[in-house]
Amino acid sequence: MSMTPRERVLAAMKKETLDRPPVAVFTQSATVGEMDNCGAAWPEAHSDAKLMAKLGAAQATYYGFEAVRSSFCLTAEAERLGCVVDPGKKNSTPMIKKHPFKFDAMEDVYDEPNLLDPEEFLKGGRPAVIIEATKLLKEQYGNEYAVVAGNTGPFTLAGHMVSTENLVFGIMMNPDMVVKWIDAVNPIVKAYTQALADAGADIIQMSEPSSSTDLLSPDMFTDYSGKYVHESLASVKDAMSVLHICGDTSEIIPLMADTGVTGISIEEKVDSEKAVKIAAGRVALVGNVGVVNPLLQGTPEDCAAAGKRIAAAGFNVISPGCGLSALIKDENLFALVKSIKG
């Protein structure tokens, strides 16, 4: 079956029958090996569209994965909305250092959401850089490779504004104020999602790590995350949608599917065969090669075995289960690609 990488990825997302699944990185895709090879590196590539596009394409041009991707972290939207962000180093991603709004359930002190208008949000900061990088990826690589653009989910972004710990604690103490904050950020998330699609992304991969079952119980998921993902991600026009949530998502896979997204990205904490069984063909499955073990700590043989096992289980797209560590060795990623492509 002769297909371009782009055709194969998009067919897999439609759950079409293929001779083999594609192998691609849908989450954070950059490593130091890629940076050294292509000549674009962090932290500069976080805020320069040309460097971002060059590094975002390297998963395909260097390792042989079947997609390209814009953005490398979950702090761009937060920084644009007032968070203080450490830009990180060549081998480490940016980190939020200060939240701009007060949200203290114990002291009953809450700032009202006072955020940028969605249209204004899109005009500046790193979100504007990422939109431009997505356009460049589409222009330069879009005929051959699927273009994936990453953004941050609504519950996670609300947590960035007031601290995730405060937001989760607020569910018990003042749920109405929690809802007010998620309601405030979600129009921005929706506008950004659509802007990335309009820039040329074939797939929007939203990361919503704060709605992991480590923080939200399954019975909280839909009210505080799922229904908002439905509004801001699943509704995107002219692009497919993939929801990524960290941790053991076994209990919420059906709820993730209920959001209406095209696919879900899950970690290795969920057994591959179990995930396929639970999903029951409702959504495309993306994952779930462990980013720590085997990709960071294992051997090339371990990585190849994981790729083959996940393909045999029936995943639609073979991919790391979460964002890559920048320190993963080249040989491990080459081995993963070869295990699928041959």
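Every value quoted in this text rests on a predicted model; they were computed, and no experiment measured them.
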Determine whether R6 and E144 satisfy the following criterion, salt bridge (Lys or Arg N to Asp or Glu O under 4.0 Å), listing intermediate values before the conclusion. CA-CA 6 Å; R6 179 179 186 272; E144 181 72 9; over 6 Å; no
Step-by-step salt bridge (Lys or Arg N to Asp or Glu O under 4.0 Å) determination, R20 to E66: CA-CA 12 Å; R20 66 164 178 84; E66 296 175 272; 3.1 Å; yes
Go through the steps to decide whether F121 and Y192 satisfy the test ring-ring contact (aromatic ring centres under 6.0 Å, His included), and finish with yes or no. CA-CA 8 Å; F121 171 88; Y192 186 38; 5.7 Å; yes
Close side-chain approach of L55 to W42, heavy-atom, < 4.5 Å: yes
Spell out, as yes or no, whether a donor-acceptor pair under 3.5 Å connects the side chain of H99 to the backbone of H160. yes
Ring-ring centroid check F334 Y62, cutoff 6.0 Å: yes
Are the side chains of P154 and M206 in touch, meaning some heavy atoms are under 4.5 Å apart? yes
Using a 4.5 Å cut-off on heavy atoms from C-beta on, say whether the side chain of I245 contacts that of M256. yes
Flag side-chain contact, heavy atom, 4.5 Å: F155 against V168: yes
Please examine the side chains of I264 and H244, heavy atoms only from C-beta on, and report whether any two atoms are closer than 4.5 Å. no
Does T4 use its side chain to pair, donor to acceptor, with the backbone of E7 at less than 3.5 Å? yes
Among C322, C303, P294, S319, which residue satisfies the side chain to side chain contact (heavy atoms under 4.5 Å, CB included) criterion with V289? P294
Check this for me: does any side-chain nitrogen of one of K123 and D117 sit under 4.0 Å from a carboxylate oxygen of the other? no
For the student: nearest non-hydrogen atoms of D202 and Y145, plus distance: OD2-O, 4.1 Å
Taking atom types as modelled and ignoring hydrogens, do the side chains of Q28 and R69 form a donor-acceptor contact shorter than 3.5 angstrom? no
Shortest non-hydrogen pair, A326 vs K90, comes out as CB-O, 4.4 Å
Looking only at non-hydrogen atoms, find the nearest pair between A53 and L136 and report the distance. CB-CB, 3.9 Å
Decide yes or no for V189 and L233: does some side-chain heavy atom of the first lie under 4.5 Å from some side-chain heavy atom of the second? no
Please examine the side chains of I310 and S272, heavy atoms only from C-beta on, and report whether any two atoms are closer than 4.5 Å. yes
Verify whether one side chain among S71 and N151 offers a donor that lies under 3.5 Å from an acceptor in the other. no
Judged by modelled atom types alone, do E251 and T249 share a side-chain donor-acceptor pair under 3.5 Å? no
Which heavy-atom pair separates K15 from G281 by the least distance, and what is that distance? CE-O, 3.0 Å
Could you walk me through whether D248 and K274 pass the salt bridge (Lys or Arg N to Asp or Glu O under 4.0 Å) check? CA-CA 11 Å; D248 184 351; K274 182 179 180 181; 5.8 Å; no
Quick one: do E112 and K180 satisfy salt bridge (Lys or Arg N to Asp or Glu O under 4.0 Å)? Show the steps, please. CA-CA 8 Å; E112 290 290 322; K180 179 179 283 191; 3.1 Å; yes
Less than 3.5 Å apart, any donor N or O on the side chain of S225 or E208 sitting next to an acceptor on the other? yes
When every non-hydrogen atom of M3 is compared with those of A11, the smallest separation belongs to CE-CB, 3.9 Å
Can you find a heavy atom in the side chain of K98 that is under 4.5 Å from one in the side chain of C83? no
What closest approach, in Å, do S207 and T156 show between heavy atoms, and which atom pair accounts for it? O-OG1, 4.4 Å
Check whether the side chains of T31 and Y63 place a donor and an acceptor atom closer than 3.5 Å, and report yes or no. yes
Taking the side chain from D111 and the backbone from K102, do they hold a donor-acceptor pair closer than 3.5 Å? yes
Name the residue from N186, T193, T259 that meets the side-chain hydrogen bond (donor to acceptor under 3.5 Å, both in side chains) definition with S232. N186
Output, in order, the C-alpha distance, side-chain angles, deciding distance and verdict of ring-ring contact (aromatic ring centres under 6.0 Å, His included) for W181 and Y110. CA-CA 10 Å; W181 268 99; Y110 306 96; 9.9 Å; no
Within the side chain of T134, is there an N or O that forms a donor-acceptor pair under 3.5 Å with the backbone of I130? yes
